[in-house]
Asks: 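Before I ask anything, here is the structure I am working with.
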Amino acid sequence: TRIADAYALEITAEDDFVLSNLIPSLPDPTRLVGSVFADGRGLTLDALEGEARVSLYSGVVGELSVDSIFGEATVREGVLSLHELIAETEAGRVEVSGFFGVASDAPPGELNLTLESESLEPLRPFLMDVPELTREELGDVQGDVDPDTIPSLEDLAVAGTVTGSATLRGGFRDFSADGSFDLQGLRFRRDYLEAGTLTVAAEHLPGEERRIGAELLSDSLNIQTLGFREGTAVVDVGRSEGRVRMTAARGETERYSGRGTYSLEAEGGGTLNLDELLVDFDSVRWNLGGPASLSWSPEGYRIRDFQLVRPGTEAMRLRADGFLPLGGREGDFELDARHFSLDRLARVLQMETPLEGIVDFQGRLSGTSRNPTIDGVLSGQDLRYSEFSLAGVQSDLRYEDFQVSLDLSARDGGRQVLSAEGSFPLDLRLEKDSTDLADAPVDLEVHADSFPAAIALAFLKSMEEVRGTVSGSVNIGGIASDLEPSGTLVLADASALLPD
């Protein structure tokens, strides 16, 4: 009921009352059993006076089971007194109590919050779409279902415990907050954190001048298949700009750190300024040659002065600079790598298969995003991937009009063991469409002289311990969808293991 600016409200909900039918923005279904009572006056925060009680005994919010929610509060002279608010669900327990400013001239208040969650798994439906079947449950189900399109249990993993507390100081119009939370066994899909502590501090919420700072100290974490023994992340975030600092370590002799600032623009653009980037391997250090920046917008990506260097007698340098276009615009981008160590790269990427060698590459991209031109020169020495090795590789290449033209030679044992010259179709555009290269011509001449058979036959996954050499010449012609190879190859001193 309502008389002038005074009102009284009492609602009792039974088990068959679905609140999400009344309020569509709520997760479906939202069904709560209990009662709500409110009595007061005032239609604005400055004029609000009254009391309220909530007693909910059971229910569901989406797929989250609610055990109970109890709360009691009063508003007097512009101050909210929250005597208690206790919510218990299958995901955990939340308690809030204290007082808080409601009116604009109210004194600052303080609300205390505690959180205990023994399992985050019940929150999975709020974080991702959950299919009816997982890959493991698919079993021997027959049909046209491709198992690779069905997520596995690991792809759907959500787990972990969170405990901690936070304090809010001020009022609804402007308040600050600080808190600390202990994290254990967090897992989201394939990423996990064994243990960590998250501290948060914020001010001027929820206004335009809001600022949030957070620090995460972690122990044993995995991010996108990359595992680290420890790590830290510190952020200071404003409305459209902020600062970030991160460190990570895989051991006493392998550490990573980075520091920078960012700013965001109105229409999906922004800039990341990188002030520091360090990678320490034993006694070897990679670091920035100077401040660098990455800008993005609907027009494309611009990289300015990115240089990763390793000082010393055999100095390494990786340099990237220029504009990578989108929307059919013109680009101009250069990539220059000198004395770049592949085994250090393999350590950064945490590759299980051995990768070794030193690579030099100079390349430039020009043209538009829909039809770019790429010119490059590649050389490598003492190359090794798994059990495959070559003493050196040299190649000139050009990409234009969906065709790669190359002139490649490979050395091993003091002589040239492979050469390839010609062209073949490839789509290296920054923006893809439905262009079909099936009818594009192929013209590639390959000459081998005692080339390792293990490399030549690497695509045959059923063969192991391949030995021997391949010699001869082959011309690969025809079109991409119907190749026409011709020539002669000789396989000598060969053997292979067929495990099956």
Side-chain angles (χ1 to χ4, degrees), residues 256 274 277-290 292 294 301 303-324 331-351 353-367 372-400 403-424 426 428 430 444 446-449 451-452 455 458:
Y256 306 82
L274 194 57
L277 180 62
L278 293 175
V279 183
D280 283 321
F281 308 101
D282 307 320
S283 59
V284 177
R285 167 171 287 192
W286 292 359
N287 57 266
L288 278 183
L294 166 66
Y301 304 91
I303 299 175
R304 290 185 174 92
D305 301 323
F306 178 85
Q307 292 191 69
L308 194 62
V309 299
R310 184 197 67 210
T313 56
E314 295 182 343
M316 181 276 293
R317 183 182 76 167
L318 176 65
R319 178 179 179 272
D321 185 85
F323 179 61
L324 295 169
D332 188 2
F333 179 78
E334 293 184 356
L335 180 64
D336 186 359
R338 303 291 176 94
H339 212 76
F340 189 74
S341 173
L342 295 181
D343 61 329
R344 301 295 181 187
L345 176 64
R347 286 181 64 174
V348 172
L349 300 178
Q350 301 181 19
M351 297 174 58
T353 304
L355 176 66
E356 298 177 2
I358 301 298
V359 169
D360 292 315
F361 177 79
Q362 295 82 47
R364 181 183 179 186
L365 178 145
S366 58
T373 297
I374 302 173
D375 291 286
V377 178
L378 170 71
S379 64
Q381 58 184 356
D382 300 324
L383 303 174
R384 178 173 176 247
Y385 178 71
S386 187
E387 70 270 24
F388 312 138
S389 62
L390 287 172
V393 170
Q394 179 77 34
S395 180
D396 295 329
L397 62 90
R398 179 176 178 82
Y399 174 78
E400 187 176 22
Q403 286 276 328
V404 174
S405 301
L406 60 78
D407 184 357
L408 177 146
S409 64
R411 307 182 313 278
D412 201 28
R415 55 181 168 57
Q416 181 172 294
V417 295
L418 181 73
S419 67
E421 184 178 3
S423 63
F424 56 90
L426 191 64
L428 296 179
L430 300 175
L444 194 61
V446 180
H447 303 279
D449 182 5
F451 187 71
I455 301 178

Asks: Set out, in order, the CA-CA distance, both residues' side-chain angles and the distance that settles side-chain contact (heavy atoms from CB on, under 4.5 Å) for Asn287 and Leu308, then state yes or no.
Replies: CA-CA 5 Å; Asn287 57 266; Leu308 194 62; 5.7 Å; no

Asks: With side chains defined as the heavy atoms from C-beta onward, is the minimum distance between Ser341 and Ile358 less than 4.5 Å?
Replies: yes

Asks: Taking the side chain as every heavy atom from C-beta outward, state whether Arg364 and Asp332 have any pair of such atoms under 4.5 Å apart.
Replies: yes

Asks: Just wondering, are more than 12 heavy atoms of other shown residues or ligands nearer than 6.0 Å to CZ in Arg398?
Replies: yes

Asks: Looking at Asp382 and Gly357, would you say the former's side chain and the latter's main chain have a donor-acceptor pair under 3.5 Å?
Replies: no

Asks: Quick check for you: to the nearest 0.5 Å, what is the distance between Phe306 atom CZ and Leu277 atom CG?
Replies: 6.0 Å

Asks: Looking only at heavy atoms, what is the nearest atom pair of Leu428 and Tyr399, with distance?
Replies: N-OH, 3.1 Å

Asks: Write down the atom of Ala420, the atom of Leu406, and the distance for their closest heavy-atom approach.
Replies: O-CD1, 3.4 Å

Asks: Mind checking what makes ring-ring contact (aromatic ring centres under 6.0 Å, His included) contact with Phe281, not counting sequence neighbours?
Replies: Trp286

Asks: Enter the distance from Asp412:CG to Ser389:OG here, rounded to the nearest 0.5 Å.
Replies: 5.5 Å

Asks: Hey, mind stepping through Leu274 and Leu294 against side-chain contact (heavy atoms from CB on, under 4.5 Å) and telling me if it holds?
Replies: CA-CA 8 Å; Leu274 194 57; Leu294 166 66; over 6 Å; no

Asks: List the steps, then state whether side-chain contact (heavy atoms from CB on, under 4.5 Å) holds for Asp336 with Arg317.
Replies: CA-CA 8 Å; Asp336 186 359; Arg317 183 182 76 167; 2.8 Å; yes

Asks: To the nearest 0.5 Å, what is the distance between CG on Asp321 and CD1 on Ile303?
Replies: 8.5 Å

Asks: Any side-chain heavy atom of Gln416 within less than 4.5 Å of one from His447?
Replies: no

Asks: Do Val404 and Phe424 have side chains that get closer than 4.5 Å, going by heavy atoms?
Replies: yes

Asks: List the atom of Ala315, the atom of His339, and the distance in Å for their closest heavy-atom pair.
Replies: O-CB, 3.6 Å

Asks: Once side-chain contact (heavy atoms from CB on, under 4.5 Å) is applied, do any residues pair with Ala448, and if so which ones, sequence neighbours excluded?
Replies: Leu418, Phe451

Asks: Taking atom OH of Tyr385 as the centre, report whether more than 12 heavy atoms of other residues, nucleotides or ligands fall under 6.0 Å from it.
Replies: no

Asks: Supply the atom-to-atom distance Asp282 CG to Arg344 CZ, rounded to the nearest 0.5 angstrom.
Replies: 6.0 Å

Asks: Would you check if Glu334 and Arg319 make a side-chain contact, meaning some heavy-atom pair closer than 4.5 Å?
Replies: yes

Asks: Taking the side chain as C-beta and beyond, is there a heavy-atom pair between Val284 and Val279 under 4.5 Å?
Replies: no

Asks: Step by step, would you call Leu335 with Leu318 a side-chain contact (heavy atoms from CB on, under 4.5 Å)?
Replies: CA-CA 8 Å; Leu335 180 64; Leu318 176 65; 4.0 Å; yes

Asks: Kindly compute the distance separating CZ (Arg338) from CD (Gln362), expressed to the nearest 0.5 Å.
Replies: 4.0 Å

Asks: How long is the straight-line distance from CG of Leu324 back to CG of Leu430, given to the nearest 0.5 Å?
Replies: 6.0 Å

Asks: With the side chain counted from C-beta on, respond yes when Leu390 and Val417 share a heavy-atom pair under 4.5 Å apart, and no when they do not.
Replies: yes

